[in-house]
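Worksheet for the structure shown next.
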Number of protein chains: 2
Amino acid sequence: MAEQAEVLRRTPLSRGRILHAAVALADEAGIESLSMRNLAQELGVVPMALYKHVANKDELLDGMIDVVVDEIDPPVRHADWKHVLRERILSARQMLRRHPWAPLAIESRNMATPAVLAYLDSMVGTLRAGGFSADLTHHVMHAMGSRILGFSQELFDVSRRAGRSGTTQPEPSEGLPPEAAARFPHLAEIATAALHDDASVVGQGCDDQFEFEFALDLLLDGIERLQQQGWTSSRRPR
Amino acid sequence: MAEQAEVLRRTPLSRGRILHAAVALADEAGIESLSMRNLAQELGVVPMALYKHVANKDELLDGMIDVVVDEIDPPVRHADWKHVLRERILSARQMLRRHPWAPLAIESRNMATPAVLAYLDSMVGTLRAGGFSADLTHHVMHAMGSRILGFSQELFDVSRRAGRSGTTQPEPSEGLPPEAAARFPHLAEIATAALHDDASVVGQGCDDQFEFEFALDLLLDGIERLQQQGWTSSRRPR
DNA sequence: ACCTGAACACCGTTCAAGT
DNA sequence: ACCTGAACACCGTTCAAGT
């Protein structure tokens, strides 16, 4: 432990080493534990030393975002647009499972980082190559929104809560506490009613992956239908 | 100004007065300007006085969330589920336009507040009354996710950036700067290509409301189709 | 010229002293 | 018993002093 810190102290600081240490710290201790002082201590360095490599904390966060976005797999080759988008978004979701702090960090920054722009540019290219008009592609990208980066967009992210306290096991039962169930009967009903006919998942609450793919396919199928109908913004069906 | 502050100081503190002052402060100065000390000063009160009415800052945020969620209109009567959901979500979106800090605040808290639970319960009730199975309703609520509260889920929220600095007019052109356009040609193409055939919007970039309704209708139409097909989680079409 | 300790202006919250 | 000033343990960042 002390020897390892000594080795780290000998290695010269660099922007890359700072960014990866920051990502590791956020992964392990949560984004709320990531402070410049805390990160410096982790690196065996005085806080002000970081400012030679990153201008400030916002730029540190931007750099961390680029690091994790670059972990997303490249597009699969020789496949139709729908398959390419689906696989890449599922890869993004895998990345977010390793870095549960990333969605909040990305949303709290209001400028696009280079890696995010490159990723979005590639996704747009996939749609255009798949025969989508520029017009429809524009609206589709807006409609996909942050889901294109694998965000689940759930209101209450169970996985985020588990990630906080480290090795906590996922909540075994999604059921509401009795007093809440009485006040919110509809919620209580659907909390327990889902997947009751699928033996492999019954009793252990929600299957995150299932819910994510359900929503993703709902979007992708709707998008495919619009394209097949020759949708344009000047001539909307219905 | 000074007289107004004097009047406020005379009015006794209460949880409601604190919450509404906090909401007003976040609306005007941004959520990053909302501190316990700052809020106390706004109320003409010593910081510690707040702690008689809210346990800590997290509870203050929870209370603020309840205040704004309660501003969402009640469900319209005598309409089908799709219309009820659509109108209510558009009302939620109007609320968020008044309180641009709310999405980040809601996402950063990982517990549901009473007002959010009541809202979700009501939405579930609408779907159940519209003939949805408990099973399908469960998955639909997950798929709607935060969009059910009016979140646009855009990766880069133009309105949030405008809301920060107060009276800034919305960005007139959505076009990328030249050096970015060269690196990200697909993004550059769709940034300018959208809505070129709709004279009322051309040249002024994205129409937020159009993009929101486009995505919302994509979801609602897909959901309607699943219900009409008699979707269940054990027997998935395709 | 480079590095870094102390300092500044904050923050949420505790606690004990004053009424 | 209630209220509140001072204090504590932080934070990001500036700046000047030391090498």
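Predicted, not measured: the structure shown is a model, and the values here were computed from it. Protein chains get the first letters and strands the later ones, always in sequence-line order, with residue 1 at the start of each.
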When the distance from CD of A:Glu59 to C1' of D:dG12 is rounded to whole Å, what number comes out?
-> 14 Å

Integer-rounded Å distance: D:dC15 C1' and A:Tyr51 OH | 13 Å

Please tell me which of B:Asn38 and A:Met48 maps to the more 5' nucleotide of DNA chain C, matching each residue to the nucleotide holding its nearest heavy atom.
-> A:Met48

Answer with base, sugar-phosphate or nothing: what part of the nucleic acid does B:Met36 contact at a heavy-atom distance below 4.0 Å?
-> sugar-phosphate

Of the candidate nucleotides C:dT13, C:dC3, C:dG5, which contains the atom at the shortest distance from the side chain of A:Lys52?
-> C:dC3

Which heavy atom of A:Ala29 sits nearest a heavy atom of A:Ser33, and at what distance?
-> O-OG, 3.1 Å

Write down the distance between CG (B:Leu50) and P (D:dG5), rounded to a whole number of angstrom.
-> 13 Å

Nucleotide nearest B:Ala49 when distance is taken to its side chain, options D:dT4, D:dG12, C:dT13 | D:dT4

Both distances under 3.5 Å, Watson-Crick or G-U wobble: report the partner of D:dT4, or none.
-> C:dA16

Does A:Asp62 come within less than 4.0 Å of A:Arg109, counting only side-chain N to carboxylate O?
-> yes

B:Arg37/B:Glu42 ion pair, N-O < 4.0 Å = no

Is it possible for you to check whether B:Arg147 lies under 6.0 Å from the centre of the six-membered ring of B:Phe212, through NZ or CZ, and within 45° of that ring's axis?
-> yes

Take the protein atom CG of A:Leu39 and the nucleotide atom C1' of D:dC11, then report the distance between them rounded to whole Å.
-> 14 Å

To the nearest Å, give me how far apart CD (B:Gln41) and P (C:dC10) are.
-> 10 Å

Distance in angstrom units between B:Arg37 CZ and C:dT13 P, rounded | 11 Å

Separation of D:dG12 atom P from A:Ile18 atom CD1, nearest Å, is 14 Å

In terms of heavy-atom contacts, B:Ala143 and A:Leu218 come closest through CB-CD2, 4.1 Å

Between A:Leu25 (CG) and D:dC11 (P), how many Å, whole number?
-> 11 Å

Any strand: nucleotide that pairs with C:dC10 via Watson-Crick or wobble, under 3.5 Å | none

